[in-house]
Amino acid sequence: MKIPLLIRPLCAAGFFLLIPLAEAASVPMLECKLLAPPNAKLGQPVMLGFSLHNRSPQDVWVLAWNTPLEGLKGRFLTVRGPTGELAYQGPMFKRGTPQPVDYRKLTAGQTLQVEVDLGLVYDLGKPGPYTVRYTGQLHDVVLGVVPAPGGNLHAQPLHCPGVAFKLLPV
Amino acid sequence: MQHRWIVSMAVMSALAAPVLVQAQDLRVSVAATRVSAMATQDVEVDVRYTNESRQPVYLYKWYVAGNGLQDPMFEVSRDGKPVEYLGPLVKRRAPTAADLITVRPGQTISSRVKLSSVYDMSQSGSYSIRFAADSERMLKRPLKGINETAAAEGIEAAVESEMLRSNDVALWVEGRSSPLLRQAEEGRKLSALLDRITASSVSYASNCSATRQSQINSGVSAAISYANASVSYLNGTPSGTSRYVTWFGKYSSTNWNTAKSHFVKIKDALDTKPLVFDCSCTESGTFAYVYPTQPYKIYLCGAYWAAANTGTDSRGGTIVHELSHFNVVAGTDDHAYGQTAAKSLAKKSPTKALDNADSHEYFTENTPYLP
């Protein structure tokens, strides 16, 4: 494409203007955190915390499927141990139409926090360093109004910084 | 006296001596009636038989098949791969003179044959067609001086067994269905299901009632035909077809092959692995679940029983979805649920779509139909 010389500086300026706009658009209204104790003893439960904070000024309904909000009922974490990636041992579901009861409501500024026992679905049988990353997404997010059953799902990415912990020999 | 005896011996031996009818006596050529055929148009060829010998050639009349093929007398291939003949194989009584058509020296007879109703032309592609039949089954040439009835019913004239082939014609054909194709699919489904049942490779937990078992069988049967059809689709020429792109995103040959390898494994699981079904789950909002590390046990829930056997979110599709989760099969995740989310996933991330169970399910269900 040929751009007239005079317009080129304007295009460049537009380019720099676009960057902060794009960043603003990608700032998540939901802030996600994974939490884990830095050390745990081998054989003890390892409780992974998951917190979701609503930074927006309105109510947000989040579909709990395949998030810790409904427990460990899907492969949405990547767990690596001293011998490499661990196989997810839990179930995976094919869901029907979500019902309002499948959503969790976060009012403006609210934080939801849950804990799940990682050892139930991952084999944490070896001492050493572990890392947990959230590799799933939110299957549906509804703003402002109570979700109607039967609507299309609109998945949203969810950025959750990973956590590390160490399993100490007994 | 002795002279007469010698004469009759000579006649006898002349009668008994095999006279060879050779394949080159008859030249067969084919010509397509159009260069390409849309799904609504028949694929027809004109077959011309020309007698290039100096004697009459007698051709069994079913080779001049004006009204419907009764033998797989064509070799049809799509993009270099043979396609299946779906028409009848007729067992005939001993032929009589009434079954023969005479082709005089230099004479050409022709007949128009509709191939799209008897060969599997369900896939779009470049088709190559040629006539090919064993001359021994096609031709009969009686000895000189013997009338046709005697020739047909009496002494056998030897016909050299040789494949008689015509020229190839190429034409582009848009995929279509046909009643025979549908019947063949039904037959294959039934046969695959019977194979599975006789091999006892579908088993049910004690919590599955007789009704549930039958609903499982219908689902398995639908899953088998879905997996077969997907493998055969992905064995076709790789390209960015709308079906592929809709569910797996931007086309690349690597990604196409990934999808293919997943469906080959799903088909293999259905064909050869011991599937176990459990009916204890009662959640009405869930179709099914599996533990990916525990092949090949599938837990079926409320929404499965309420589903249709085929179509979007059907029993057959659910079984394909669940099989894709097993780590030994395709190890898929649930990145997106439902058609809308799966389509959007394909646009955003083909890699994730190829790792998404519902994308496999919707590809295989192909509802609504995409070419």
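Chain letters run A, B, ... following the sequence lines, proteins first, then strands; residues in each count from 1. Note that the structure is predicted; figures quoted are calculated from it, not measured.
- For B/A341, the parts lying near chain A are the backbone and the side chain together; criterion is any non-hydrogen pair under 4.5 Å.
- Among B/L345, B/T286, B/D358, the residue with the largest count of heavy-atom pairs under 4.5 Å with chain A is B/T286.
- The parts of B/T318 that come within reach of chain A are both its backbone and its side chain, each placing non-hydrogen atoms under 4.5 angstrom from that chain.
- If you measure heavy-atom distances from B/T332 to chain A, the contacts under 4.5 Å come from the backbone alone.
- Comparing B/E283, B/Q339, B/Q294, B/E361 by how many heavy-atom pairs each has under 4.5 Å with chain A, the most go to B/E361.
- Looking only at heavy-atom pairs under 4.5 Å with chain B, the residue among A/R75, A/R95, A/Q99, A/K73 that has the most is A/R75.
- Looking only at heavy-atom pairs under 4.5 Å with chain A, the residue among B/A303, B/S284, B/A288, B/G285 that has the most is B/A288.
- Looking at A/Q137, the atoms closer than 4.5 Å to chain B (heavy atoms on both sides) all sit in the side chain, from C-beta outward.
- Ring geometry for B/F363 versus B/Y244: interplanar angle over 60°, hence perpendicular rather than tilted (30 to 60°).
- For B/F263 and B/H360, the ring centers are positioned less than 6.0 Å apart.
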Step-by-step side-chain contact (heavy atoms from CB on, under 4.5 Å) determination, A/D59 to A/V146:
CA-CA 9 Å; A/D59 295 348; A/V146 181; over 6 Å; no
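- Residues A/V116 and A/P68 approach most closely at CG1-O, 3.9 Å, considering heavy atoms.
- Contact of B/H321 with chain A is made through the side chain alone, with heavy-atom distances under 4.5 Å.
- Highest contact tally toward chain B, considering only A/P91, A/A155, A/G96, A/G74, is held by A/P91 [criterion: heavy-atom pairs under 4.5 Å].
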Could you give me the CA-CA distance, side-chain angles and deciding distance for A/L77 and A/L48, then say whether side-chain contact (heavy atoms from CB on, under 4.5 Å) is met?
CA-CA 11 Å; A/L77 300 174; A/L48 178 80; 3.7 Å; yes
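- Between B/Y251 and B/W256, the ring planes are perpendicular. Angles over 60° get that label, and only those under 30° would be called parallel.
- Residues B/A39 and B/G175 come closest through the heavy atom pair CB-O, 3.5 Å.
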